[in-house]
Protein chains: 2
Amino acid sequence: MNNIPKPTKTELAILNIMWTISPATVRQIHEEIIKSGKTSYTTTLKMLQVMHQKGLVTRNSEYKAHIYEPALTKKETQKQMLDDLKNRLFGGSISSLVLQALGSNAKTNQSEIDEIKALLEKVEKGK
Amino acid sequence: MNNIPKPTKTELAILNIMWTISPATVRQIHEEIIKSGKTSYTTTLKMLQVMHQKGLVTRNSEYKAHIYEPALTKKETQKQMLDDLKNRLFGGSISSLVLQALGSNAKTNQSEIDEIKALLEKVEKGK
DNA sequence: TAGAATATACGAGAAACTTCGTTAAACACT
DNA sequence: AGTGTTTAACGAAGTTTCTCGTATATTCTA
């Protein structure tokens with residue numbers, strides 16, 4: 001099977017770093033992690049190994065220091081997790097999710113609103 | 001402290017049932033749960049006890065069979081979890097989340113689109 | 001009122017997730 | 001070559017989450 005599991009909380013934190021600096025070695029990733037909290041190098045290493053085992057990241061072992069990359073783009077992961085949340089809490093309805101998201105957040109700026117509107121038009125046209 | 005933690009996967013499944021049938025006894029909740037999979041009554045009971053301990057549900061112990069209710073409404077929980085996802089995967093930007101949600105989902109029907117548009121107008125006016 | 005049914009409490013074990021120390025191999029530099 | 005540094009691998013322990021059996025109390029009913 002080719003199914004990549006949903007990342008856990010800690011795994012997601014690591015992926016967020018990797019989306020900005022990968023391809024990267026464990027050392028490089030670890031340097032970023034410790035900017036916001038203390039952790040052992042081996043903890044980071046172990047996390048990457050487990051994530052590789054799960055298929056969340058790929059790695060190149062050609063050199064002594066392996067080089068890691070996320071298996072999915074940030075966008076793909078966003079889609080995956082949004083989909084999960086939609087199914088588990090919004091009865092499978094994306095619009096219900098969107099309504100709730102917009103409704104509980106008034107500080108959306110004009111250009112963002114325009115962007116959303118434009119996208120809505122596109123969705124409308126595409127029917 | 002008054003802080004209610006984010007429900008886990010299993011806890012959320014139970015809350016989903018409770019939002020439709022609560023106030024309810026463990027027995028009633030359990031009957032719903034076993035409609036989609038086998039579990040022991042005591043498992044359900046223990047989950048509710050832990051959830052009560054965490055503050056996710058309230059209970060009335062006046063009678064032999066305690067009566068449970070969610071501590072938060074479904075809407076409040078939706079807001080809470082959307083907020084969490086937004087912070088952990090969308091850099092704190094709701095509009096980026098909304099764009100991704102709408103973009104990766106073409107099958108939004110017309111009335112839903114209209115609803116979203118109306119809400120956008122409201123957000124726009126309220127500035 | 002005695003036995004059956006139904007409920008809670010509780011603890012133990014399984015499973016998933018996270019952290020870290022130890023070991024050994026690869027490499028870097030005199 | 002010999003010493004120190006950097007790395008991967010691995011296992012073990014700590015945590016959280018989930019599942020379930022057993023013990024005990026309460027309620028029902030025949």
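Numbers restart at 1 for each chain; the letters A, B, ... are given by sequence-line order, proteins then strands. The figures here come from the full heavy-atom set of this structure, side chains too, leaving out hydrogens, waters and symmetry mates.
- Put simply, CD1 on A:I34 is 16 Å from C1' on C:dT19, counting in whole angstrom units.
- Under a 3.5 Å cut-off, the side chain of A:Q78 and the backbone N or O of B:L89 do form a donor-acceptor pair.
- Proximity of A:T25 to the phosphate of D:dT7: no side-chain N or O atom is located under 4.0 Å from OP1 or OP2.
- Direction of the helix axis in the helix from C:dT1-D:dA30 to C:dT30-D:dA1 shifts by 10° between the two five-pair termini, rounded to 10°.
- The backbone N or O of B:Q28 sits less than 3.5 Å from a side-chain atom of B:T25, completing a donor-acceptor pair.
- Taking side-chain N and O atoms only, B:R59 has no distance below 4.0 Å to OP1 or OP2 of C:dA7.
- For the OP1/OP2 pair of C:dT8 and a distance below 4.0 Å, the side-chain nitrogens and oxygens of B:Y41 include at least one atom meeting the criterion.
- One interatomic measurement links the two molecules: CG of B:L48 to C1' of D:dC20, which rounds to 16 Å at whole-angstrom precision.
- In the hydrophobic clustering of this structure, B:Y41 does not group with B:I34; members are Ile, Leu, Val, Met, Phe, Trp, Tyr whose side-chain heavy atoms approach within less than 4.5 Å, directly or through other members.
- An OP1 or OP2 oxygen of C:dC10 is reached within less than 4.0 angstrom by no side-chain nitrogen or oxygen of B:Q49.
- Remark: B:K35 engages B:E32 in a salt bridge, criterion side-chain N to carboxylate O under 4.0 Å.
- If you measure from atom OH of B:Y68 to atom P of C:dA7, you get 12 Å, rounded to the nearest angstrom.
- A:K38 comes within 4.0 angstrom of nothing in the nucleic acid, heavy atoms only.
- Residue A:W19 is not grouped with residue A:I67 when hydrophobic side chains (ILVMFWY) are merged at heavy-atom distances under 4.5 angstrom, including chains of intermediate members.
- Of all heavy-atom pairs between A:E62 and A:N60, the closest is N-OD1, 2.8 Å.
- To the nearest angstrom, P of C:dC17 lies 18 Å from NE2 of A:H52.
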Please list, for nucleotides 21-25 of chain D, all pairs of protein and nucleotide N/O atoms separated by less than 3.5 Å.
{"residue": "D:dG21", "atom": "N7", "partner": "B:T42", "partner atom": "OG1", "Å": "3.2"}

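- Checking the phosphate oxygens (OP1, OP2) of C:dT18, a side-chain nitrogen or oxygen of A:T10 falls inside 4.0 Å.
- The backbone N or O of A:Q80 sits nowhere less than 3.5 Å from a side-chain atom of A:D84 that would complete a donor-acceptor pair.
- Of the listed residues (A:S22, A:P7, A:P23), just one forms a side-chain contact (heavy atoms from CB on, under 4.5 Å) with A:P70, and that residue is A:S22.
- Computed from coordinates, the B:E11 CD to D:dT16 C1' distance equals 10 Å when rounded to whole Å.
- Using a 4.0 Å heavy-atom distance criterion, B:T39 is classed as a sugar-phosphate-only contact.
- Note: NE2 (A:H30) to C1' (D:dT6) measures 13 Å, nearest angstrom.
- At C:dT6, none of the side-chain N or O atoms of B:R27 fall inside 4.0 Å of OP1 or OP2 (strictly under the cut-off).
- Look at CD1 on A:I33: it is 12 Å from P on C:dC20, rounded to the nearest Å.
- Of the residues listed (B:M47, B:K54, B:H52), the one engaging B:V50 in a side-chain contact (heavy atoms from CB on, under 4.5 Å) is B:K54, and it is the only one.
- In terms of modelled atom types and a separation under 3.5 Å, the side chain of A:S40 and the main chain of A:T43 share no donor-acceptor contact.
- Atom CG of A:L45 is separated from atom P of D:dG11 by 14 Å (rounded to the nearest Å).
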